[in-house]
Amino acid sequence: MRRKFICGNWKMHKNREDAFKYIRDLSLFVKDVSDRDIVIAAPFTLLAVMKSETRNTNISIGAQNMHHEEQGAYTGEISVNMVKDYASYVILGHSERRKYFNESNDLINKKILLALKHNLKVIFCLGESQQERNENRTKNVVETQLRESLKDVSIEQIENVVIAYEPLWAIGTGNIATPEQAEEVHSFIRDLIRQLYNEDVAQKIRIIYGGSVNSNNASAILNKENIDGCLPGGASLDASEFSKIVKVQ
Ligand code: PGA
């Protein structure tokens, strides 16, 4: 049995005061949950607060991005070592990074390799656009994203990767994939991992779903065989709503 993985992605929301209050509430709501991983991916400026406020809780912290170089003259950027001071996970390859910041599979691959080299766990996102789905290219797109972004990731390192299938047309639209649509792609991704690594890795790797997940629709998604968790954005902004998703059976 794969341990469920529930990660809230705050995106560019909340400040320090919001974060204090949220963690105070969430840590109470989920204090008895021990059978799944709970992660909040927060903006860089909140990581320090998040780390101190989640001490002695069952909540882990993630960042939402990092630079692909170890260090250097990159004004305004955040390095892997800076992230590592506070977070145990980093989201890489999110479609908003691909779309607004032109991140390619090649760049995402550099970031993934760097994060894993520094023992930072990776939540690697991939997914097709509406047009690509309409043109029946979903599997093709997902396969290319996966192969190119995971290039040179070793069999030891892949243990520290969670894959998030996030169809672009489902993100922030209220238009969640049906459990069947999601399951089809998840099982395809697991097959690819089997081909790239082996059966054991394929059985162990967690593949989570993201795109308009909320406390009402999470159960149907999470009960599919190859869906091991979820990555809610909007629905993670409220501690009570997010705690309901965490506890979904
Ligand atoms: P959403 O975002 O839940 O608001 O659709 C999900 C995501 O982008 O990770």
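Hydrogens, waters and symmetry mates are skipped; everything else that's a heavy atom, side chains included, is used. Counting begins at 1 with the first residue of the sequence. Each ligand, and each atom within it, is numbered from 1 in the order the structure gives.
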query = Nearest to atom 2 (O) of ligand 1, what protein heavy atom do you find, and at what distance?
reply = Lys11 NZ, 3.2 Å
query = What are the atoms of ligand 1, with element, lying closer than 4.0 Å to any heavy atom of Pro232?
reply = 3 (O)
key: Exercise: do Asp191 and Gln195 side chains pair donor with acceptor under 3.5 Å   = no
query = With a 4.0 Å cut-off on heavy atoms, is Ser95 touching ligand 1?
reply = no
inquiry  = Is it the case that over 12 heavy atoms from other parts of the model lie below 6.0 angstrom from the CD atom of Gln203?
reply    = yes
ask   = Under 3.5 Å, is there a donor-acceptor pair between the Trp169 and Glu128 side chains?
value = yes
task = Quick one: sort the Tyr22 and Phe242 rings into parallel, tilted or perpendicular, breaks at 30° and 60°.
result = tilted
request  = Starting from atom 4 (O) of ligand 1, locate the nearest protein heavy atom and write down its residue, its atom name and how far away it is, to 0.1 Å.
outcome  = Gly234 N, 2.9 Å
inquiry  = If you count heavy atoms of other groups shown closer than 6.0 angstrom to CD of Glu77, is the number above 12?
reply    = yes
ask   = Against heavy atoms of Asn9, which atoms of ligand 1 measure under 4.0 Å?
value = 9 (O)
Ligand 1 contact on Cys125 by region, counting heavy-atom pairs under 4.0 Å = neither
query = Quick one: nearest non-hydrogen protein atom to atom 3 (O) of ligand 1, plus distance?
reply = Gly233 N, 2.7 Å
key: Gly211 neighbourhood, listing ligand 1 atoms whose heavy-atom distance to it stays under 4.0 Å   = 5 (O)
ask   = Quick one: does Ser212 get a heavy atom under 4.0 Å from ligand 1?
value = yes
task = Could you tell me whether Ile171 approaches ligand 1 through its side chain, its backbone, both or neither, with non-hydrogen atoms closer than 4.0 Å?
result = both
note = So the atoms of ligand 1 within less than 4.0 Å of a heavy atom of Ala170 turn out to be 5 (O)
ask   = Would one find more than 12 heavy atoms of other residues, nucleotides or ligands at under 6.0 Å from atom CZ of Arg2?
value = yes
task = Starting from atom 9 (O) of ligand 1, find the nearest protein heavy-atom neighbour and note its residue, name and distance.
result = Glu166 OE2, 2.8 Å
ask   = ligand 1 and Gly172, any nitrogen or oxygen pair closer than 3.5 angstrom?
value = yes
ask   = Taking the six-membered ring for Trp, are Tyr89 and Phe5 parallel (under 30°), tilted (30 to 60°) or perpendicular (over 60°)?
value = perpendicular
request  = Scan side-chain atoms only and decide if Glu166 and His94 contain a donor-acceptor pair under the 3.5 Å cut-off.
outcome  = yes
request  = State, to 0.1 Å, how close Ser187 and Asn226 come at their nearest heavy-atom pair, and which atoms those are.
outcome  = CB-ND2, 3.4 Å
